> 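One structure, pasted below without further comment.
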Amino acid sequence: MDLLIFLPLIIIMGAFMYFASRRQRKAMQATIDLHESLNVGDRVHTTSGLQATITAITDDTVDLEIAPGVVTTWMKLAIRDRIEPEVPEALEASDAESSATEITDSDADRLTKD
C-alpha cells in the first residue's frame, strides 16, 4: 500500500531519466558523426574556443594550424564544431535581386489606380 503512494513519483522520475539520457545519446552521436566527417583543410573550433585549420588527421589526434606555419597536435575529442564558410555579401545581394518579383504592366496600372 505504501508503494502505491510513491508510484506516480517513480513514474515521473523514470520518464525524466529516459528523456535526459536520450538527449545525451543524440548529442554524443552528433559529436561522433562530426569527428568521423572531418577532412584536411576544414576550419574548426576547439572546446577551448580556438579557431584553426586541420592539416593532418589520425585515429585519435588532429594537427591544427593555428597561425601560418604554427601547427599543434590536439586530441580529436577537442574538436567542438566545424566552421562553415561564409557566403560573400556580394553573392547574397545578387541572390536577393534575382529573387525579387518583377512588376508587370497590369500590376503597375492596378497600383497607380485608386
Side-chain angles (χ1 to χ4, degrees):
M1 194 65 170
D2 290 334
L3 184 61
L4 289 176
I5 295 172
F6 293 109
L7 188 61
L9 180 62
I10 292 171
I11 291 173
I12 291 171
M13 287 179 53
F16 175 76
M17 290 173 58
Y18 170 76
F19 287 114
S21 68
R22 186 172 148 200
R23 181 176 38 222
Q24 183 179 7
R25 206 172 323 124
K26 281 185 177 182
M28 186 55 131
Q29 186 61 46
T31 301
I32 290 169
D33 293 344
L34 169 70
H35 291 163
E36 290 175 352
S37 70
L38 292 174
N39 295 314
V40 172
D42 286 347
R43 295 274 304 155
V44 294
H45 283 125
T46 64
T47 53
S48 60
L50 184 74
Q51 294 184 13
T53 303
I54 297 176
T55 59
I57 302 174
T58 65
D59 288 339
D60 298 327
T61 63
V62 290
D63 290 343
L64 301 178
E65 184 175 32
I66 56 176
V70 180
V71 177
T72 58
T73 301
W74 293 68
M75 289 180 56
K76 197 181 261 189
L77 294 174
I79 304 299
R80 184 180 68 206
D81 60 5
R82 180 182 292 119
I83 301 171
E84 298 299 330
E86 294 183 16
V87 177
E89 291 180 20
L91 289 177
E92 289 177 4
S94 67
D95 288 345
E97 290 173 5
S98 66
S99 66
T101 58
E102 294 181 18
I103 297 178
T104 62
D105 291 334
S106 62
D107 292 335
D109 290 341
R110 192 169 8 116
L111 292 172
T112 57
K113 291 180 184 177
D114 282 330

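This one's a predicted model, so the numbers in the text were calculated from it and none came from an experiment.
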> Looking at Arg43 and Ile54, would you say the former's side chain and the latter's main chain have a donor-acceptor pair under 3.5 Å?
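Side chain of Arg43 to backbone of Ile54: no pair is present.
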> Please say yes or no: joined through hydrophobic side-chain contacts below 4.5 Å, possibly via intermediate residues, are Ile57 and Ile32 part of one cluster?
no
> Which atoms form the tightest heavy-atom contact between Leu64 and Ala52, and what is the distance?
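The answer is CB-CB, 3.6 Å.
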> State whether the side chain of Thr61 and the backbone N or O of Thr58 hold a donor-acceptor pair below 3.5 Å, judged by distance alone.
no
> How long is the gap from OH on Tyr18 to CZ on Arg22, to the nearest 0.5 Å?
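Answer rounded to 0.5 Å: 5.0 Å.
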> Any pair with a residue in residues 47-66 that passes salt bridge (charged side-chain N to carboxylate O under 4.0 Å, His left out), sequence neighbours left out, goes on the list, sorted by first then second residue, please.
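As it turns out, there is no salt bridge (charged side-chain N to carboxylate O under 4.0 Å, His left out) pair with a partner in residues 47-66 once direct neighbours are skipped.
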> So how far is it from Ile83 CD1 to Thr53 OG1, rounded to the nearest 0.5 Å?
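With rounding to 0.5 Å, CD1 (Ile83) is 8.0 Å from OG1 (Thr53).
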> Can you find a pair of side-chain heavy atoms, one from Trp74 and one from Ser48, that are under 4.5 Å apart?
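SC-SC contact between Trp74 and Ser48 confirmed.
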> Answer yes if the side chains of Arg80 and Thr47 hold a donor-acceptor pair under 3.5 Å, and no otherwise.
no
> Is there a path of hydrophobic side-chain contacts, each under 4.5 Å between heavy atoms of I, L, V, M, F, W or Y residues, that connects Leu50 with Ile79?
yes
> Quick check for you: to the nearest 0.5 Å, what is the distance between Ile10 atom CD1 and Leu4 atom CG?
10.0 Å
> Under the rule for side-chain hydrogen bond (donor to acceptor under 3.5 Å, both in side chains), what residues qualify as partners of His35, not counting sequence neighbours?
none
> Would you mind reporting whether Gln29 and Arg25 have side-chain heavy atoms less than 4.5 Å apart?
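No, every pair of side-chain atoms sits at 4.5 Å or beyond.
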> Are Met75 and Val71 connected, step by step, through hydrophobic side chains (Ile, Leu, Val, Met, Phe, Trp, Tyr) whose heavy atoms are closer than 4.5 Å?
no
